[in-house]
Amino acid sequence: MDESGTPRRPRRCARCGAPVRMVVNPYYGVGLAVHRQLFSCTRCDLVEFAPRGPDEAAVDRVEPVRVGPWRRLRCRVVGLLRPSG
């Protein structure tokens, strides 16, 4: 059952029609893996991405820190002047 209280049908595999189970993505957070859960078929080897929830999408919307051109130039000059040891 979901938030609305109506029962949902179990999800089925698109290839063979067997039931699928939701598993944790072992590659989440590594490289380009952005889905926390995957749907894995219990009969064949098909794996599908689970839809992302609204809480996961909010985490991805963090704004990057903006650095102005003068600050970048200053960091570059200071880096050149420091002795490399």
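From a predicted model like this one, the values you see are computed outputs, not experimental measurements.
Listed by chain and number, the residues in a salt bridge (charged side-chain N to carboxylate O under 4.0 Å, His left out) with Arg21 amount to none (sequence neighbours excluded). For Leu73, the side-chain contact (heavy atoms from CB on, under 4.5 Å) test picks out Trp70, Val77, with sequence neighbours left out. For Tyr27, there are no ring pair (Phe, Tyr, Trp, His ring centres under 6.0 Å) partners at least two apart in sequence or on another chain. In terms of the side-chain contact (heavy atoms from CB on, under 4.5 Å) criterion, Arg76 has no residue partners (sequence neighbours excluded).
Members clustered with Val78: none, using a 4.5 Å side-chain heavy-atom cutoff among hydrophobic residues.
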What donor-acceptor contacts under 3.5 angstrom involve side-chain atoms of residues 40-47, with partners at least two apart or in another chain?
| from | atom 1 | to | atom 2 | distance (Å) |
| --- | --- | --- | --- | --- |
| Thr42 | OG1 | Pro19 | O | 2.8 |
| Asp45 | OD1 | Arg15 | NH1 | 2.9 |

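Residue His35 holds its NE2 atom at 6.0 Å from CZ of Phe49, rounded to the nearest 0.5 Å.
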Exercise for review: Assess whether side-chain contact (heavy atoms from CB on, under 4.5 Å) is satisfied between Arg11 and Glu48, documenting all intermediate values.
Suggested key: CA-CA 11 Å; Arg11 189 171 175 99; Glu48 296 177 328; 3.2 Å; yes
**Study point:** From CA spacing to verdict: side-chain contact (heavy atoms from CB on, under 4.5 Å), Asn25, Arg36
**Key:** CA-CA 5 Å; Asn25 185 357; Arg36 286 185 194 264; 5.9 Å; no
